[in-house]
Each structure stands twice: as C-alpha cells, then as structure tokens.
J.: 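What follows is a structure written as structure tokens; I'll ask about it next.
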Amino acid sequence: MTIPAPRESSEDVVLRLTDVVKTFPGVRALDGVQLEVRAGEVHCLLGQNGAGKSTLIKTLAGVHHADGGEITWLGEPFAPATPQAAMRAGIATIYQELDLVDDLSIAENAFLGHEQTRFGFTKRRSTASRTKEILTRLGHGEIPPRQAVRSLPAAGKQIVSMARALSHDAKLIVMDEPSAVLAHDEVENLFRIIRELTAENIAVIYISHRLEEIREIGDRVTVLKDGRTTAANLPARTTPTRDLVSKMTGRTIEYVFPPRRTLEEKPPLLVVDGLTREHEFADVSLTVAPGEIVGIAGLVGSGRSELLETIFGARRPDSGTITLDGKRIRSLGTAVRKGMGMAPEERKSQALLLDEPIYKNMTLSSFSGFARAGFTDAAGERKAAERTADQLELRPRDVMRPVRTLSGGNQQKVVVGRWLLGDTRLLLLDEPTRGVDVGARAELYQVIQGLAENGVGVLLVSSEVPEVLGLSDRVLVMREGRMIREAPADQIDEDTVLDLVMAGSLMEGEPA
Amino acid sequence: MITETAPPEVQKRSQRRHIDDNVIRNLGLVGVLILLIVVGIITKPDLYSDPTWVKNNFLTILQQASAIGVVTVGMTFVIIGGGIDLSVGAIIALAGVWATTLATQSYGAAGMIFTALVVGICVGLVNGVLISYGKLVPFIATLAMLVAARGLAAQISGKQTQVSANTTINDIASTKLLGIPLLVWILALVVAAGWVLLNRTTFGRRTVAVGGNPEAARLAGINIKRHTLLLYALSGLCCGIAAIMLTSQATSAQAAMANLYELDAIAAAIIGGTLLSGGRGTIIGALFGVLVFSTITNLFAINNLSTEVQNMVKGGIIVLAVLIQQFRFRSVTQLLKR
Ligand SMILES: Nc1ncnc2c1ncn2[C@@H]1O[C@H](COP(=O)(O)OP(=O)(O)OP(=O)(O)O)[C@@H](O)[C@H]1O
Ligand SMILES: [Mg+2]
C-alpha cells in the first residue's frame, strides 16, 4: 500500500494525557503530565513519594478533576465527573489506600456502587457466587464472600480491592501500589492475573516503588517527578536502573544498605520468653540487645504483626513474659513509659489523625514530654518535627499541613518519624518502608541504623527479605506463628530465608 | 539534594488556610447572629431605638446563654473526644436539688456550691466508668443516666420545688461586676478556661487524639480509658456549675429544671462546627452556637410569640445555620483552590 503506516499504530493507544495539570491549595500536584497507554500493555508509573502518581490516577478515576490539559480515552475527550462515570467508561481502579467498607461483606464490597439488583433488591446469591468466581480467579477461592471485610488482614483486604476492580468489565485497570501489602507468593498471583488481563487486550497501569517488579511485569515505564513527566515510554526491562532512578530523583542514589557494624556483647534490652497467643503465634522467645537490629522475616499472616503488637502490650498474651530492661511489661502504658515505640502496619487506621497537622501527628506519643505543667509547647514541637521531617525527607516539609494531604509514602514517614522524637529505647517497626520510594528508603535505613548506633534496640518486621537481611544484625524466621530459625544476618542468605518462609505456604495455596 | 517543591509564599498560604477553616465557620454563625438582630430591629423598631433597652437586652441575652453555655463547653469536650452526654440536663437537676436540700443549705453557700460541683463530677465519673470500663455505648450509658438522675432528683425533692433561702447563692444572679452580670463573667471564665484547655494543654491534645483515631491514640501510649473517664467528669463539673447558676436565677431548684438542656447543648456544639463523630471542634464555635439560640429565644420573647412556635423555628434555624455554614465553607475553600 502507498499510505505510510504511522510509526506506531495509534489505534491501539487507548489513553492519552497531554499537559494535565492538577492543583491543590498550595501544591501543584500535577504540573504537565504526559502519558500514553496502549491496549494490552502494562504501563508502569515511577516516581518519588509525592511525585503525583496517585493524584494522576485519581484524576483518571473521576475522584479529582484536572485543572488543565487534555485526556483522551478511546479516541474521545474524557473528563469523568464521578468515579461511577469512570467505571462506566471502562476504567477500574485499585487505590493505594484501602477503600473498603469494614462492616459490609466481601461480596458487598466487591460490587459496591454497581450492585446487581432486581426490582431494587440486591441479588445476594448471585453477587456472592460472582464474587466467589473472581476470588477463585485471584487464587483465593477459600475466602467466604459473605464474611465481613473487617475480619480480614491487610493482605486480604487488598485482595478484595482487586476483586472489586475485576468485577467491572474494564478496558483499563489502574493499580496503585497493589503489591505493598502483599506477600511474595501473592505478588506472583497478582502478576499471573495481570498477564491474563493483558492477554485479553486489557491495559494495566501499574504503580510500584519496587523496581524488580516493574522489570518483571512492565512493558513501558513513564517517570514522574514533581508532577511532571520526566521520561515517557521507556522499555521496562532494558532501561538501566541508574537511568530510572536519576529520572525520578534528579540524582543518583546508591541503593545500598549501610555497612554492618561490629556489635559489642551487651545484656539484652528486651527479653521475650515463651510468648503465646492462640491461633496467632506460639512459644516465641527472642532477645534484642541495645544497639542491635533484629529482623523478623515471614509471610504476611505468619503472626508477625500480632507478635509485635503483643510485645508492645497492645494485645494480651495467653502465656509467656515480656521484659524490658528487667521490668515486666504488662500493659501498653508501661511499654511506652519504659521507652518502647511501635510503628504499626496500617498507618491510616492505626497511626494517624488525618485531619491534624503533621507536627501533631509526629509528636502524638511525645507531646507530654514537650509540655510544661500540662501546657503544650507547640513551637517546640513544630521545631522538633521539622528536624525529623528533614531527616526523613518529608515532602512537602510544611509541618502545619494536615496529614490527609500527604502522599502515601510521606504519611508512612510521619508514622516512623513519631518514634524518632521521643526517648525511644526499643523500636518496633512493622513494615516501615511500605510505600516509601527508593531515595527516602535509603535515608530511612540510615536513620534506623543511626538509632541503633546510639544504643536503641530495633525489632523489625518486613516482607522484603533483602531489607531484613541488609538491615538486621540478627534474623529470625517465622512461619505459621512459630520461630523456625535464628541466625546472624551474615550467615543466612535470601534463598534460604525464602525457602524456610515458603515451605508451608505451598500447600496453603491449593484449595482443600 | 532534593529541593522543596512549594515556594515559601505558597507554604504560608497553606498554613493560614487551616486557621481560616474555623474562622470561616464562626463567621457564618456571626452572620446568623447579625441576621437575627436585624429581624429584631425590623419587627420591633421602637424598642431598638432606645439605647439603654438595647444594652440591657444584650446583657439579658448573654445572661440567658450563661448556664447553657457552660454546659455546652463540657459537651464540646465530650463530643470531640468521640462521645456524647445525654445526661447533662438530668445532672443539673440532681446537683441543683441536692444542693438545695435543707440539710445542705445548713452548711451555707460554700456547702451548697461544693455539693453541686461534687454531685456533678461524681455523676460524670459514673458515666465515664460505665463507658470506658463497662464498655457501654456513650449514647446508652448517658441515656440511662438521664432517666436515673432525674428519678433520683425527684426522689430527693419529693417532686417539690426547693426554695433556696441562702442569699449569697440567690445574689449571684443579680450581682453585676463592671456593669456586667456575674453569670456572664462565669460563662466568660469557663469559655476561656475551656479554650485554653482544648488548645494549649496536653489534656486537649489527648481529647482530639482519642476522638479522632482511638486506635492511633492507644498505640501512641495514651490511656484512652482514663481520658474518656475524665471527659465525662469534666462535663459533670460543668453541669454542677450550671446547676448553681440556674438555682441562683430561680432562687430554687426542682427535679424538672434544665429540661432538654442536652439537646440545646448538642445542637449548639454541632452548629459551632464540632464533628459529631469526634476529633474536631472548637470552643468559640460552640459559644456562638449558644448565642444564636439565646438570641432566637430573645427575639421570640420580645415579639410575644409562644414557645411552640419558638421550638419549631429553632429546629428550622439549626438546619439553616448548618446549611449556611457549609455553603460558605465550601465556596470559600473553592475560592482558595484557585
Ligand atoms: N487532597 C490533597 N490536598 C492537598 N494536597 C494533596 C492532596 N492529595 C495529594 N496532595 C499533594 O499532592 C502531591 C502528590 O501526591 P500523590 O499522592 O499523588 O503522590 P504519589 O506520587 O502517589 O506518592 P506516593 O508514592 O507516596 O504514594 C503531594 O505533594 C501531596 O502532598
Ligand atoms: Mg501514591
């Protein structure tokens, strides 16, 4: 034929954003974004915390409305007024922050907003069976669709969010950090589903801070920095990490763990002996010395978070003892008074006052320490919070902002920052780097290491095995509520840990 | 190095915005107040042409707001802390009746004041224990207390009106300081103390934390149970103060006094911008809420309208005030977004 074909057939471009702008009071969250997504591809979005990724996808989902620029969806101008409109147009979204209604059942959540009805009554049976189908497709046929969402752990909720996205007949599925709360094998499951979707020519926008995931599942990458597209349509597999990171941050980061120090022998700070809570964990004993970082590796659901909360005094053990510095810990009050601190797993529901300013959130556990005769010292708190904000590279650094207006990763930094402020002697960290970008992650590692150097004991739980190995002095491996292995971090490697951790879970995956 | 995204002047603006939210709310209420006064001027131009009448009427409005205002301050704390206190009116009645028994009166004014405050605090503590340690829902616990405390008050008083023979107590309502009634001074003092307590002390910070996100507060090491207990005790204390103020105004107390105060106090707190779900609220807003109510009452009194009509209009005005507020609030934030 004589008509020259365009370089890339523009027909399979389903979504195109040109110069999209979105401002919040005081912040230009999107400042000219370009994005092009083709049918059947996995398009990854990369960018630091606060770069505007979530804002971008919320603009597509009809949650926010763009102030400028152009969005074309399936060749037509597109400006969804509401989330419903976006869904009807074929865009389904899995949000970064779980957005489920705790008191509704799993099935009701999956079909929330597009309930299957007859004469105004919900069709409960068919909703449940449709949900069951979707859950089975997600590899979780064992989850009962009529159970209340409240009873699920974080990973389970994430799966329900995914089920909700799949319950639509979507042509584009947007996933904002879906892997952040998922265990290793869950992520594999997720990838399998993404491959099935793209095989049906459905497009996927995938956001993650984990580069290795982007390499595995992604086709093309668009990088955002400060609300602008700094690189578009890079090949996901072949672009060197160095390039991606420098496009994201404008600098190069040595993404390495701080060098290991030699520890002097010291009597333990924390002694946990025979700790048991029925159905959660059994007979756990461990110690943490001052200045030592102890990492617990294990799958989501292996009882790690419950263990940390019990050590912190937030849950009552069935048996066993917790001793900090020779003092028995029986309640959360004593734990905090004795200098224990915990950054919990679910920041939104367990850690933050979303409408309060950053500085008040950072000092939530230490404001009494700043106070004089019961009167709070707001100026002192603000200054201390600003120092911590600098340490953690919080963006924006304005500590008067309500936490609600921060990006997900920056909210996480506020939670961790809280315990850098008080006189913490033992820090319990539950997934401290969830949703934190590469640059800030390196900073956070240094901060944790710095604390340890000053004699603070750290007990760390993380689903990322390299993080546990790289940061800890000693590693504990937990499976199904039991400690199955303890070793110095330099005498155990990633594969061994993964083998130990997964051994039991292979059977779990199969329907009984 | 990563440089800051927002330029300094933008940051300043965003800082100011958070203060503006509350100021805007309160401005809405001031608008309602002005509207009510204008209606007064239109309906009774002859009265409003007399400056001494205007001044006295203004003081009357404040005086009528004083007891309910004190109660509303306590209520605001409870609601910000994630609870509700339906028993305030009943606590006032019980405290008032207990303080005016012949036995209590024999201890003089100090004995009567002490009794009213202690009864208020104790009933508040019982509420608090039921809610924080007995794990009762605040609505249910204080509803039960509403019934029980009024019952006890009727029992003690034998359903009779108990006249106060103590002149010191009776004089509180008629005394003026610098031309302003003592009752209004008490309100001012309680409001000021409440403001400081909420905004400048660790107690206030805990209140916001406990109401805003109890789990986060707990994991940060705040003793939520004890704090909840203290909040209801504080509300009880405010009721004790109000009981003395009302007893002084009527020179008597009875089991039916302060009827439906719980509704007025809750309504005033809510239209003052306190979130019913907890975690947010202001004392100044609550004060404006109370003033709106007592101005309405006054408006009806000078126009000789019946209480039935008054209550109907009051309900309408609660809705209107909230609507106006939300409207102003939304349009102004929209403007700021530009
Ligand atoms: N509702 C809001 N009001 C004001 N500012 C907001 C609001 N939502 C987001 N922002 C700001 O917009 C910017 C972009 O936030 P966004 O959530 O899109 O970041 P992100 O790229 O998703 O980051 P993360 O990786 O941490 O999730 C941030 O500076 C954030 O503080
Ligand atoms: Mg985000």
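Below, read A as the first sequence line, B as the second, and so on, with proteins coming before strands; counting in each chain starts at 1.
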J.: Assess whether atom CZ of F139(B) is packed by more than 12 heavy atoms of other residues, nucleotides or ligands within 6.0 Å.
T.: no
J.: Between chain B and each of F375(A), W419(A), F367(A), count heavy-atom pairs under 4.5 Å; write down the option with the most.
T.: F367(A)
J.: For chain B, which candidate among V336(A), N361(A), L364(A), D355(A) shows the most heavy-atom pairs at distances under 4.5 Å?
T.: L364(A)
J.: Can you tell me which of G341(A), A371(A), S349(A), P357(A) forms the most heavy-atom pairs within a distance under 4.5 Å of chain B?
T.: S349(A)
J.: Heavy-atom pairs under 4.5 Å with chain B are the metric here; pick the option from V415(A), D377(A), L354(A), L352(A) that has the most.
T.: L352(A)
J.: Shortest non-hydrogen contact from L219(B) to A314(A)?
T.: CD2-CB, 3.7 Å
J.: Between G374(A), A351(A), G333(A), which has the largest tally of heavy atom pairs under 4.5 Å with chain B?
T.: G374(A)
J.: Counting N and O atoms only, with roles assigned by atom type, does the side chain of T376(A) sit under 3.5 Å from a partner on the main chain of R200(B), one being a donor and the other an acceptor?
T.: yes
J.: What part of I222(B) gets closer than 4.5 Å to chain A, counting heavy atoms only: side chain, backbone, both or neither?
T.: side chain
J.: Shortest non-hydrogen contact from G279(B) to E356(A)?
T.: O-OE2, 3.9 Å
J.: Show your working on side chain to side chain contact (heavy atoms under 4.5 Å, CB included) between F370(A) and T202(B) and close with a plain yes or no.
T.: CA-CA 10 Å; F370(A) 285 91; T202(B) 54; over 6 Å; no
J.: Decide yes or no for T363(A) and R205(B): does some side-chain heavy atom of the first lie under 4.5 Å from some side-chain heavy atom of the second?
T.: yes
J.: Looking only at non-hydrogen atoms, find the nearest pair between S365(A) and A220(B) and report the distance.
T.: CB-O, 3.3 Å
J.: Side chain of N213(B), backbone of L353(A): donor and acceptor closer than 3.5 Å?
T.: no
J.: Side chain, backbone, both or neither: which part of K225(A) has an atom under 4.5 Å from a heavy atom of chain B?
T.: neither
